[in-house]
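Since this is a predicted model, take the numbers as computed values, not measurements. Indexing begins at 1, ligand by ligand and atom by atom, following the structure's order.
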Amino acid sequence: MNRTVLACNWKMNLTLDAIERLIVSADRAYRKKDDRLEVIFFPSYTALRSVHDMLALSKIQLGAQDVFWEKEGSYTGAVSPRMLVEAGCQYVFLGHSERRKHFGETNEMVNKKVHASLAHGLTPIICVGETFEQRENGSKDAVIMEQVQEALCGVKEFERLLIAYEPVWVIGRGQAIEPSEAAESMTTLSYTLRDLYAEDFIRDRVQLLYGGSVDPLNIRGFVDQSTIDGVLVGGASMDEAKLFAMIETCA
Ligand code: PGA
C-alpha cells in the first residue's frame, strides 16, 4: 500500500499509435522501479481494450476516466462498471473537475458512481478541488470537505480508495501550487476522512494524490511530502520524454 502512485489522465487525447509509443517509453523506465511506484494509465473508453492488450507484458495498470452507475439498460452512450471490468480496468476516476464542469456532475452523482464502482471491484479515484473563486472567497476547505463527505455518503467498506486533490484553477495551466500548500489540503482531507472512518482503516486503505500541472520539474516536491501518496498528471503524461522523466523521479 505504500508505493507512490502516478496516475496518467489522457483525457480526450491520443491515438493508439501515440499510446503505443508512450507505453514503450514508460515501460522502459518503469520495469526497474515497479516495486516503488504504481503507474496507472487512463485512456479514453474506445482505447481501453487495446491498451489493456498492449500492457499484457507490463505491470502498468489500467483505469477509465468515468463510469455510469447503472449495471445495464437504456442509457445510450453510457458505460457500466461491469463493462470497464470486462475491458480490463482496475481503476476509475470519479468526479474529475472537467466532468463536473462540462457534464454537470454533482456530488450526489459521484456518490452513486462510488457505490457502483466498489460493488464491481473497481478502485475509485475520487477527484476533488476548489475553483479560483472558491479559493479567493475562503471556502476551499469547506468545498473539498463537502465533496469528500458527499462522495463517500453511505460507503462503509472498501478494499482501497484514492482521493485526488486537484485545485481546478491550476489544471492544465502549466503552473502548479506549492507542494506545502497541497500538503495543507491533504491534512484537511485526512481530518475529513477521520470523521468517517477509523484511523487504521484509513491508513491501510486510502491514498491521497495531488493533481494540477504536475511535470518533471515539480513532481519531486509533491511526492516528497509525507502526506502526499502520489500524483495525478494530465498534460505532461502525454509526452514520452516527460513521462519517462517523471517515472524516474517518482521512484
Ligand atoms: P494537468 O491535468 O496535469 O494537465 O494539469 C491534471 C488533470 O486534469 O487531472
A.B. asks: Applying the 4.5 Å side-chain criterion to the ILVMFWY set and letting contacts propagate, would Y197 and Y165 be lumped into a single cluster?
C.D. replies: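 Y197 clusters together with Y165.
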A.B. asks: Pairs of nitrogen or oxygen atoms closer than 3.5 Å, one from R173 and one from ligand 1: do any exist?
C.D. replies: no
A.B. asks: Can you tell me if E20 has over 12 outside heavy atoms packed within less than 6.0 Å of its CD?
C.D. replies: no
A.B. asks: Sub-3.5 Å donor-acceptor pair from the side chain of N111 to the main-chain atoms of C153, do we have one?
C.D. replies: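 Flag set: sc N111 to bb C153 pair under 3.5 Å.
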A.B. asks: My understanding is that we take every heavy atom of each candidate and find the minimum distance to atom 4 (O) of ligand 1. Doing that for C127, P167, A7, G235, which one comes out nearest?
C.D. replies: G235
A.B. asks: Any idea which atoms of ligand 1 are less than 4.0 Å away from a heavy-atom of H96?
C.D. replies: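 This gives 7 (C), 8 (O), 9 (O) as the contact atoms.
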A.B. asks: Which part of N9 is near ligand 1, with near meaning a heavy atom under 4.0 Å away: side chain, backbone, both or neither?
C.D. replies: side chain
A.B. asks: Give yes or no for whether the N/O distance cutoff of 3.5 Å, strictly under, is met between G234 and ligand 1.
C.D. replies: yes
A.B. asks: Hey, is the main chain of M186 close enough, under 3.5 Å, to the side chain of S190 for a donor-acceptor pair?
C.D. replies: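 Judged by distance alone, yes, a pair lies under 3.5 Å.
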A.B. asks: Ignoring hydrogens and angles, tell me if any N or O in the side chain of K113 forms a donor-acceptor pair with the backbone of V67 under 3.5 Å.
C.D. replies: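 Here the side-chain-to-backbone pair exists.
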A.B. asks: May I ask you to list the atoms of ligand 1 that are less than 4.0 angstrom from any heavy atom of G172?
C.D. replies: 1 (P), 4 (O), 5 (O)
A.B. asks: Under 4.0 Å from a heavy atom of G212: give me the atoms of ligand 1 that qualify, with their elements.
C.D. replies: 5 (O)
A.B. asks: Ring-plane angle category for Y75 and F68, please: parallel below 30°, perpendicular beyond 60°, tilted otherwise.
C.D. replies: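 Correct class here is tilted.
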A.B. asks: Output yes when the distance from some N or O of ligand 1 to some N or O of L232 is under 3.5 Å, and no in every other case.
C.D. replies: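 No - when backbone and side-chain N and O of L232 are compared with those of ligand 1, no distance drops under 3.5 Å.
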A.B. asks: Determine whether the side chains of K140 and S185 contain a donor N or O and an acceptor N or O closer than 3.5 Å.
C.D. replies: yes
A.B. asks: Which of these, E166, M238, K11, E98, has its nearest heavy atom closest to atom 2 (O) of ligand 1?
C.D. replies: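 Of the listed residues, K11 has the closest heavy atom.
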